[in-house]
Student: 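Please find one structure pasted underneath; my questions will follow.
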Amino acid sequence: MNSNNVQQSMYERAVEVLRVNDRGHYTVPTSGLYPFQWNWDSCLVSIGQQHIDEARAWAEMKTLFEHQWDDGMVPHIVFHEMDDGYFPGPEVWSTGRKIPTTGITQPPVAGFAALRLFDRAKDTELANKEAAELLVKIDRWHEWFYANRDPHGTGLVALIHPWESGRDNSVDWDIALDRVPTEGLEPYQRRDLQHASADHRPTAAQYDRYIWLVQHFRSLGWDNSVLHDASPFKVVDPGFNAILIRSCADIAELASRLGREDIAQRNKERAAFGLNALETLWSNSLQQYLCYDREGRELVDSASVGGLIPVIAALPENRSAAVAQRIDELSKSAKYLVPSHDPTDERYDSKRYWRGPSWLIVNYLIADGLRRAGHIELVQRIESSSLELINQSGFAEYYDPNTGEPCGGSTFTWTAAMVMEFISNAA
Ligand code: GLC
């Protein structure tokens with residue numbers, strides 16, 4: 001097959017993955033391991049769905065936002081239909097919602113995705129209607145973030161559970177997670193290990209602490225006005241904050257186009273304030289951004305991809321150039337870009353989830369930022385590395401950056417959505 005035919009066949013397989021995981025008004029990340037609707041998966045998947053069916057793409061986001069909490073939070077999982085194959089299920093979270101959801105959130109890519117859908121819409125009437133409704137809800141979510149996760153007005157929001165980051169078991173959380181106690185932990189049985197290899201997943205010690213935090217927040221009635229201060233785990237993630245900053249800027253743009261100057265103005269201000277504060281997370285020695293442990297009051301010495309994702313925001317030129325340089329350096333120790341942790345660090349683990357493996361959604365976000373900053377050659381390297389992984393190993397959840405082996409779950413929806421984007425960008 002020539003390369004056009006290879007891409008054509010990959011694209012068709014991607015469409016098929018989206019179809020298999022489509023549940024009508026939402027998509028599951030993959031059946032078995034993740035049988036519900038995940039927040040940032042859905043938003044990124046809608047970008048892929050737009051290539052097939054615009055109305056379906058808007059419906060994906062709309063369904064997610066139908067489950068926004070009264071306080072403005074958009075939960076990390078919506079449990080549309082019961083499924084015993086996943087732990088912790090609704091009974092553990094016990095958030096009291098009619099259609100159950102978890103009580104924590106996930107990276108706010110919704111603003112970014114909404115502008116992208118709007119920009120490329122062919123059905124402009126539908127886009128105007130859907131975007132106008134979503135805009136108001138996304139603005140409320142952003143407001144929720146700054147009020148509840150940055151109660152002291154620093155400009156940066158903290159995560160109160162590693163799962164909120166979307167990078168569940170990153171090295172970034174190790175020190176802060178060690179501080180989380182395990183006394184009073186109710187007995188439980190993991191279900192993820194029935195679907196994926198234990199070597200590819202978080203450890204038992206990490207899992208205990210994930211569950212302890214859930215129990216702790218539940219005992220506080222999921223009252224977000226107290227959870228931040230009451231959590232022993234409070235970490236400021238530069239990647240997460242940059243996604244929020246970019247989404248603020250993107251919905252400011254969307255709001256201006258839809259004549260909502262009020263929403264535009266406050267999101268512009270949020271983005272500017274956040275961008276300024278992001279600078280406090282820059283590490284001169286590592287030449288990338290780092291997490292800040294708000295409880296331990298120090299920057300976390302961990303060269304993870306969380307410190308490179310900020311290129312998605314409108315960084316000063318010297319910072320985006322330094323991030324590009326870092327990625328170029330990483331390509332000397334990893335065959336496939338972009339490893340989720342620096343392979344030269346002793347804590348790197350090429351197959352363990354967010355402690356080394358490459359993820360296509362991260363590649364997409366980073367490539368988008370690098371493109372805007374003008375680093376086109378690097379973007380092309382990231383995109384072709386991503387497509388090589390698919391060609392070699394199929395639509396996996398994540399990949400070993402040294403060997404390209406598929407890891408975690410298979411037939412993964414957001415991986416497929418990103419493939420559709422990479423192929424369309426290359427065309
Ligand atoms: C894992 C990932 C998270 C993702 C979820 C569903 O928990 O770490 O980022 O949203 O799976 O795919």
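Given the structure is predicted, the values throughout are model-derived calculations rather than measurements. As the structure lists them, so they are numbered: ligands from 1, and atoms in each ligand from 1. All residue numbers in this chain count up from 1 along the given sequence. Values reported hereafter were calculated over all heavy atoms of this structure, with side chains retained and with hydrogens, waters and symmetry mates removed.
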Student: Run down the list T415, D168, N169 and name the one with the heavy atom closest to atom 2 (C) of ligand 1.
Tutor: D168
Student: Determine yes or no for a side-chain-to-main-chain donor-acceptor pair under 3.5 angstrom, with D150 supplying the side chain and A158 the backbone.
Tutor: no
Student: Classify the angle between the aromatic ring planes of Y188 and F87 as parallel (below 30°), tilted (30 to 60°) or perpendicular (above 60°).
Tutor: parallel
Student: Starting from atom 3 (C) of ligand 1, what is the nearest protein heavy atom, named by residue and atom, and what distance separates them?
Tutor: G166 O, 3.6 Å
Student: What residues form a ring-ring contact (aromatic ring centres under 6.0 Å, His included) with W58, not counting sequence neighbours?
Tutor: none
Student: Return the closest protein heavy atom for atom 4 (C) of ligand 1 as residue, atom name and distance.
Tutor: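 Here the closest protein heavy atom is D41 OD1, 3.5 Å.
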Student: To which protein heavy atom is atom 1 (C) of ligand 1 closest, and what is the distance rounded to 0.1 Å?
Tutor: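 Of the protein heavy atoms, Y353 OH, 3.0 Å lies nearest.
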Student: Hey, is F412 one of the residues with a heavy atom under 4.0 angstrom from ligand 1?
Tutor: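 Yes; F412 lies near enough to ligand 1 that a heavy-atom distance drops under 4.0 Å.
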Student: Examine R190 relative to Y207 and say whether NZ or CZ is less than 6.0 Å from the centre of the six-membered ring and inside a 45° cone about the ring axis.
Tutor: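 Relative to the ring axis of Y207, which defines the angle, R190 lies inside both limits.
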Student: Provide the full list of side-chain hydrogen bond (donor to acceptor under 3.5 Å, both in side chains) pairs with a residue in residues 77-99, sequence neighbours left out, each pair given once.
Tutor: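 Those involving residues 77-99 are Q37-H80.
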Student: Check W354 against ligand 1 and report side chain, backbone, both or neither, counting heavy atoms closer than 4.0 Å.
Tutor: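 Within the 4.0 Å criterion, W354 contacts ligand 1 through side-chain atoms alone.
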Student: Report, in ascending order of atom number, the atoms of ligand 1 lying under 4.0 Å from any heavy atom of P29.
Tutor: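 Those qualifying, in numeric order: 6 (C), 12 (O).
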Student: Tell me whether W414 has any N or O atom under 3.5 angstrom from an N or O of ligand 1.
Tutor: no
Student: Specify side chain, backbone, both or neither for Q106, according to which of its non-hydrogen atoms lie closer than 4.0 Å to ligand 1.
Tutor: side chain
Student: Hey, does the Lys NZ or Arg CZ of R209 hover above the aromatic six-ring of F233, less than 6.0 Å from the centre and inside 45° of the axis?
Tutor: no
Student: Classify the ring geometry between W212 and H216 as parallel (under 30°), tilted (30 to 60°) or perpendicular (over 60°).
Tutor: parallel
Student: When only distance counts, is W40 in polar contact with ligand 1, meaning an N/O pair under 3.5 Å?
Tutor: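 Yes, at least one N or O pair falls under 3.5 Å.
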